[in-house]
There are 2 protein chains.
Amino acid sequence: MTLEEAIKSSKFKDQRHKALIHIMYAAYQVKTNINQLLKNYALTGEQYNVLRILKGSHPTPLCVKDIAVRLIERNSNVPRIADRLEIKKLVKRFPSPEDRRETLIQITPAGINLLDAATQAMEAEHQHIANLTEDEAAQLNQLLAQMLQD
Amino acid sequence: MTLEEAIKSSKFKDQRHKALIHIMYAAYQVKTNINQLLKNYALTGEQYNVLRILKGSHPTPLCVKDIAVRLIERNSNVPRIADRLEIKKLVKRFPSPEDRRETLIQITPAGINLLDAATQAMEAEHQHIANLTEDEAAQLNQLLAQMLQD
DNA sequence: TATAATTACATGTACATACATATAATGTTC
DNA sequence: GAACATTATATGTATGTACATGTAATTATA
């Protein structure tokens, strides 16, 4: 479905205006796709992202703020996402011995297993979503980087 | 800030994978910018979108589902967004005489005034966000359309 | 070193999303 | 036209975002 069909409108001021709407629409489609896939693993997108970040540093645990700065959506409430992962025993949480203000969070073996399964499915999905050649994707990345500069 | 700096990672499988993350990051930046601007008008992004859709059909009111299909984020809960707009007297709501299951929603003069002021500020912001020429924006739109096809 | 400022996290509230379910009105089918 | 299916909206719950505030620990400074 094209953007115009999707939102039943073609009243864009110019190409730049359309691009902003288009980006938000594309992101929504990508996220919706990913969330659907993750439902098979009883994970939300943000829970998946936090697990992925934790596995990246495993076995070293990370404190809340170090997880937060690695998330795309910076205002995500990491303590509450961690609550839900902890209930499912996908992470464990303990106070930092070095700085007792910090809570360290570590992915559990169960968390790694679930993440690995979800990631495998995700990669297949990614191939399917991004209907672009590598050259085209590189071009898209260049344009997005330029758009966001400074 | 580049994507890599923003999420402190450069571990992308390929350009297509990076493009998916990049789109979500760009959309987040655009939305955050817009939401900041709209705070000056005590509106959220979704409230603004609903008002814009209602003004598009004004003075003809729209029912809940006709608003929903015009929103980018299709699962938005239009009745509850309408609740908040109604409290602020930016819209009024009444049952449809033709189909009493439907609730018709119409933007008020106060709603139009607020929307117009917000839209003027928004257009200035849009110019500022999208650091692209018209040709580049057109290219970006073409790539996004291709990515999303079927 | 005592006090002040900062930092890290948790938590409360308002709003939004995602999805299930309830209810009333309309449409369909026999 | 009665029974059933469908549609439109509302509402409940879990999750997440955005932001303000509270509390404890650490750091800075007088």
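Numbers restart at 1 for each chain; the letters A, B, ... are given by sequence-line order, proteins then strands.
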Requested in this report: Return the set of residues passing side-chain contact (heavy atoms from CB on, under 4.5 Å) with E98(B) (not counting sequence neighbours), or none when no residue passes.
Outcome: S96(B)

Requested in this report: Identify whether any heavy atom of R74(A) sits under 4.0 Å from a base atom; if not, whether one sits that close to sugar-phosphate; answer base, sugar-phosphate or nothing.
Outcome: nothing

Requested in this report: Using heavy atoms and a sub-4.0 Å distance, could you list which residues of residues 43-70 of chain A are near DNA chain C? By number, please.
Outcome: C63(A), V64(A), K65(A)

Query - Whole-Å gap separating P (dT17(C)) and NZ (K31(A)) - result: 10 Å

Report summary line: Walking DNA chain D from its 5' end, the first of K88(A) and P97(A) to be reached, judged by nearest nucleotide, is K88(A)

Requested in this report: Rounded to the nearest angstrom, tell me the gap between atom CD1 in I81(A) and atom P in dT17(C).
Outcome: 17 Å

Requested in this report: Rounded to the nearest angstrom, tell me the gap between atom CG in L37(A) and atom C1' in dA18(C).
Outcome: 16 Å

Requested in this report: Could you encode protein contacts along nucleotides 19-25 of chain C as a string, one character per nucleotide from 5' to 3', using B for base contact, S for sugar-phosphate-only contact and - for no contact, with a heavy-atom cut-off of under 4.0 Å?
Outcome: B-----B

Query raised in the report: Looking only at heavy atoms, which two atoms of A42(B) and Q47(B) are closest? And how far apart?
Result: O-OE1, 3.9 Å

Report summary line: Minimal heavy-atom distance between L51(A) and G111(A), with the atoms involved, is CD1-O, 4.4 Å

Report task. Could you pick out which residue, R84(B) or E102(A), lies toward the 5' side of DNA chain C when each is mapped onto its nearest nucleotide? Result -> E102(A)

Requested in this report: For atom CD of Q120(B), decide whether the heavy atoms of other residues, nucleotides or ligands shown that lie under 6.0 angstrom number more than 12.
Outcome: no

Query - Start and end of the DNA chain D segment that chain B contacts, any atom under 4.0 Å from a heavy atom - result: dT7(D) to dC19(D)

Report task. Determine the sole option in I81(B), L62(B), V64(B), D66(B) for which the side-chain contact (heavy atoms from CB on, under 4.5 Å) test with I105(B) is passed. Result -> V64(B)

Query raised in the report: Any donor-acceptor pair under 3.5 Å linking the side chain of N33(A) with the backbone of V30(A)?
Result: no

Requested in this report: Specify the closest pair of heavy atoms between A117(B) and Y41(B), including all atoms of both residues, with the distance to one decimal.
Outcome: O-OH, 3.6 Å

Query raised in the report: Minimum heavy-atom separation for L37(B) to A121(B), with atom names?
Result: CD1-O, 3.5 Å

Between side-chain atoms of residues 53-60 of chain B and protein atoms elsewhere (two or more places apart, or another chain), which donor-acceptor pairs fall under 3.5 Å?
residue	atom	partner	partner atom	Å
K55(B)	NZ	D116(B)	OD1	2.8
S57(B)	OG	L54(B)	O	3.4
S57(B)	OG	T60(B)	O	2.6

Requested in this report: Just grab all the ring pair (Phe, Tyr, Trp, His ring centres under 6.0 Å) pairs involving residues 1-30 of chain A, residues at least two apart or on different chains.
Outcome: F12(A)-H17(A), H17(A)-H126(B)

Query raised in the report: For K89(A) and T108(A), which heavy atoms make the closest approach, and how far apart are they?
Result: O-OG1, 2.9 Å

